[in-house]
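Here's the structure, in structure tokens; my notes come after.
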Amino acid sequence: MKPFFSTLRARQLNGYVCQTCTRQLRRKPQRRSYASTSSRTPEIFDVVCVGGGPAGLSLLAALRANPITSTLKIALIESQSLTPTRTFSPSPDSFSNRCSSLTPSSVRFLSDIGAWKFVRGERVQGYGQMRVWDGVSGAAVHFDAFGGAEKEKRDEGGVVAYMNENVNLTAALLRRVEELGGVEILDGERVEDITLGREAEEGDLSQWPVVKLSGGRELAARLLVGADGANSPVRGFAGIESTGWDYGRVGLVATLCMEGEGEAEGRVKTAYQRFLPTGPVACLPLPGKFSTLVWSTTPELAAKLKSLSPRDFVGMVNAAFRLGVVDLKYLHTLEGGQEEEAAWREDHVGFDGSKIPQRVVGVQDGSIASFPLKLRHADTYIGERVALVGDAAHTTHPLAGQGLNAGQGDVESLARTIEYAVAHGMDIGVRMSLEQYMAERYVKNHVLLGVVDKLHKLYSVESGPLVGLRSLGLGAVDALEPVKAFFMRQAAGTGKIL
Amino acid sequence: MAMAMATPLRPTSLRNLHLLLRTAPRFVHNQFGSHNTSTNSSSVNPTEVSHFNALASTWWDPHGSSRLLHLMNPLRHDFIHRCHGMQPVPPPSANLRYLDIGCGGGIFAESAARLTGTGLVTAIDPSPEVLGVAQAHARRDPGLSGKLSYLNTSIEGLAKPGSVEEQYDVLSLFEVIEHITHPAEFLDACQEYVKPGGWIVMSTIARTWTSWFTTKLVAEDLVGIVPRGTHDWGKYINEEELRGYFLEKRGWNSPMVMGVVYVPGLGWKEVSGSEKVGNYFFGIRKDENGEFEIGAKSVVWGH
């Protein structure tokens with residue numbers, strides 16, 4: 001297994017460097033485990049997908065829904081039990097704190113594979129605009145102001161994205177996969193080991209990954225798909241490095257109850273995001289009076305916020321969208337009483353109530369949680385008989401709400417690549433068959449990760465010339481149609497080249 | 001021609017370039033011109049066999065000398081699909097039989113065997129080394145067992161079909177005909193293996209100044225993406241020669257042609273009209289009401 005860049009380098013140099021030297025360039029440590037203690041003959045599958053999250057399940061639904069790929073023998077391995085997902089029966093008065101925004105192109109893909117019809121529509125909230133502003137300078141950018149041409153990229157209701165609970169999506173995908181049938185679902189089974197198979201009488205599996213499960217079964221995979229998240233064991237097996245950095249920030253999430261339902265009935269709602277020096281804070285609409293909070297901040301401040309009484313937590317969230325950076329800093333130092341302190345300060349700060357989210361009146365019990373924010377990008381998405389999708393391939397800062405959508409884009413591309421391979425008699429596991437997937441997704445995701453990363457870093461600066469420049473920058477972004485169109489295309493997932 | 005000698009891959013030198021220019025085409029001759037053949041002759045050219053023996057080890061390296069063939073393989077299926085699409089009645093959706101002549105490392109043969117509509121692929125090649133590579137590679141895919149059989153033989157050594165059931169729906173000659181010394185006799189030998197209503201499909205290179213420039217000078221000598229000595233420009237055959245050969249024979253219909261061009265960075269692309277100047281696919285269908293000849297006796301059948 002050669003890391004992508006060294007392969008690329010060796011290939012590019014082929015014409016210019018003598019054979020011996022290119023051969024040396026290619027000589028990279030082999031990371032695959034060659035230890036093979038298997039005593040039995042593994043069961044043979046065309047696709048073994050490790051990970052039953054949104055990316056893995058939508059890949060299986062896509063493959064099963066397509067008559068060309070429906071002949072493949074497929075297995076799903078998920079370490080958690082899928083029973084809670086299967087029996088998802090939520091109360092209308094509560095929402096999960098793990099929500100994602102789905103772009104119209106993700107929704108179109110989910111409809112194409114027949115899964116969207118199982119998503120509980122009453123728990124999905126479309127939004128038509130995103131108000132984003134700089135917490136330090138106050139400069140604003142209106143994501144809805146993006147020219148006539150961009151309006152066509154929205155769906156008929158004028159929606160730029162949909163807020164949805166992740167579990168609502170996975171439950172729908174699982175229903176679709178089970179409706180289509182033909183997938184061997186092995187949930188509650190841990191991957192104990194992945195090794196290469198053996199050469200035996202009946203065939204040579206020495207290049208095939210064999211997945212050993214905690215229950216004792218062994219599955220040989222023509223194509224092993226890693227949809228197994230940021231710490232992907234499949235990626236580890238393939239020896240694919242994942243590089244990046246930790247932001248030193250956590251994403252604090254919570255389900256909020258607002259004072260009203262938001263924008264007038266029948267109209268789509270608005271999403272809000274304010275860039276604070278500690279990271280962006282976003283309030284994203286859910287159905288009814290609910291919203292979901294994603295507050296990127298330092299681990300210390302997140303711990304502090306989690307320790308507050310619900311009343312003071314609500315006060316801090318309201319303040320985060322209303323008060324100045326200095327006020328917020330002071331509020332973070334208090335042991336309690338943030339609610340009163342913030343209310344008192346609000347009277348002395350000018351803000352335009354029409355441009356910020358409604359007032360938060362409550363936080364759902366037990367919904368406050370946090371997770372570390374990282375940027376990671378795998379060196380390649382493909383190896384011999386291995387493909388990575390979703391978080392196993394890349395993780396991004398949530399400020400653009402693109403993580404899950406990037407994963408759906410991966411899956412759509414990989415499913416199309418596999419379809420082409422099957423229709424042309426190619427072995428779907430070999431690197432050559434997977435090259436198209438890599439070509440379609442890698443640069444696209446790389447640009448997305450880069451833009452999101454730069455935005456995060458740009459707005460982490462509290463004072464100095466950069467603040468003036470970036471307000472100028474956002475002002476310019478607001479004025480320049482092409483640049484706005486670029487950001488909007490990325491947000492709506494309709495970008496052509498990038 | 002001197003360039004047909006099997007020579008290992010090596011960097012271009014001025015001497016080679018000079019040699020190549022010296023052997024450049026001076027006139028275009030038709031390969032289907034008459035010549036005397038002894039009854040025991042084989043279609044296989046020993047120089048060609050030794051050349052491909054030398055290439056055997058890199059056949060399945062996707063970044064090796066056969067990369068262009070790997071990249072072209074999907075187009076072969078697209079072309080066969082297009083030929084089948086021409087039929088008034090589509091071919092059966094299951095149990096199609098393929099005979100791949102000059103299968104090399106098995107790039108096409110394996111892929112044909114993987115298709116859901118395939119019943120059996122028989123693949124033959126005269127080079128034992130290359131066939132060894134094909135057989136070893138096929139073992140790496142347990143899904144192929146029972147659907148793909150390799151034989152180390154030329155068409156002359158292959159058992160004649162004893163019945164329609166033993167004939168083939170698709171007889172493929174991919175990048176083969178330009179390596180054959182006497183193509184007309186070779187094609188004569190191929191015909192009885194094809195079922196009535198079945199197809200001969202092939203791909204090759206037109207014999208033009210352009211193809212000499214791209215396949216000999218640029219691909220083999222200057223850029224080196226094709227191993228030196230792979231092609232003998234003098235053996236290239238033009239599409240109208242193939243068309244003329246089959247239509248003159250009677251019993252064949254629906255000639256199909258598709259010109260393709262390799263665009264660096266994009267791969268193989270269909271370019272209408274390019275069959276006149278470079279790589280192209282050619283397909284022709286056997287009449288459905290044909291005669292099945294076994295030795296002296298002949299059987300006539302209808303639909």
Side-chain angles (χ1 to χ4, degrees), chain A residues 2 7-8 10-20 22-23 26 41-46 67-73 196-208 220-223 382 384-385 417 419-436 439, chain B residues 8-12 60-81 93-94 96 98 100 106-118 121 135-148 172 222-225 264-268:
Chain A
K2 282 165 254 169
T7 316
L8 185 74
R11 220 180 300 155
Q12 285 170 339
L13 289 175
N14 254 349
Y16 310 101
V17 181
C18 79
Q19 285 291 319
T20 335
T22 42
R23 228 170 284 135
R26 287 178 183 187
T41 311
E43 304 163 66
I44 291 175
F45 285 86
D46 290 313
I68 292 172
T69 49
S70 65
T71 53
L72 298 172
K73 191 179 173 198
L196 289 174
R198 288 182 311 164
E199 175 151 21
E201 192 91 339
E202 50 290 357
D204 178 4
L205 292 180
S206 61
Q207 317 257 325
W208 286 48
R222 182 184 293 280
L223 174 61
I382 61 172
E384 196 67 12
R385 305 207 176 278
T417 302
E419 176 193 350
Y420 183 87
V422 170
H424 292 83
M426 298 158 85
D427 182 337
I428 61 167
V430 301
R431 190 185 272 269
M432 189 129 194
S433 305
L434 299 169
E435 280 177 359
Q436 186 60 27
Chain B
L9 276 167
R10 62 179 178 224
T12 302
W60 283 99
D61 175 2
H63 298 297
S65 57
S66 299
R67 180 168 174 84
L68 291 188
L69 292 181
H70 285 277
L71 292 175
M72 184 187 262
N73 199 51
L75 273 78
R76 296 166 170 172
H77 292 286
D78 289 339
F79 182 70
I80 294 169
H81 192 69
S93 59
L96 285 180
Y98 288 76
D100 188 32
I107 298 173
F108 175 75
E110 279 197 9
S111 66
R114 270 189 208 100
L115 296 176
T116 47
T118 300
V121 177
Q135 283 166 325
H137 194 271
R139 272 177 54 74
R140 296 184 186 184
D141 185 350
L144 295 172
S145 77
K147 288 182 85 180
L148 175 58
S172 52
L222 298 182
V223 183
I225 46 175
L266 292 175
W268 290 97

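All values below were derived from every heavy atom in this structure, side-chain atoms included, with hydrogens, water molecules and symmetry-related copies excluded. Residue numbers start from 1 in every chain, and the chains themselves are labelled A, B, ... in the order their sequence lines are given, proteins ahead of strands. Owing to the predicted nature of the structure, the values given are computational and were not obtained by experimental measurement.
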Closest heavy-atom pair and its distance - B:R67, A:E435: NH2-OE1, 3.3 Å
With sequence neighbours excluded, residues passing side chain to side chain contact (heavy atoms under 4.5 Å, CB included) with B:R140: A:D204, A:Q207, B:H137
Residue B:T116 versus chain A: region with a heavy atom under 4.5 Å: side chain
Nearest non-hydrogen partners of B:P142 and A:I44, listed with the distance: CG-CD1, 3.5 Å
Which atoms of A:A423 approach chain B - backbone, side chain, both or neither, heavy atom under 4.5 Å: backbone
Atom of A:H424, atom of B:L115 and distance for their closest heavy-atom approach: C-CD2, 4.1 Å
Contacting region of A:M432 [heavy-atom separation from chain B under 4.5 Å]: side chain
Side chain to side chain contact (heavy atoms under 4.5 Å, CB included) partners for B:A113, two or more places apart: B:V121, B:L144, B:K147, B:L148
B:I107 portion near chain A, given a 4.5 angstrom heavy-atom threshold: neither
Under 4.5 Å from a heavy atom of chain B, the part of A:V430 involved: neither
Rounded distance (nearest 0.5 Å) linking atom CD1 of A:I428 with atom CZ of B:R114: 10.0 Å
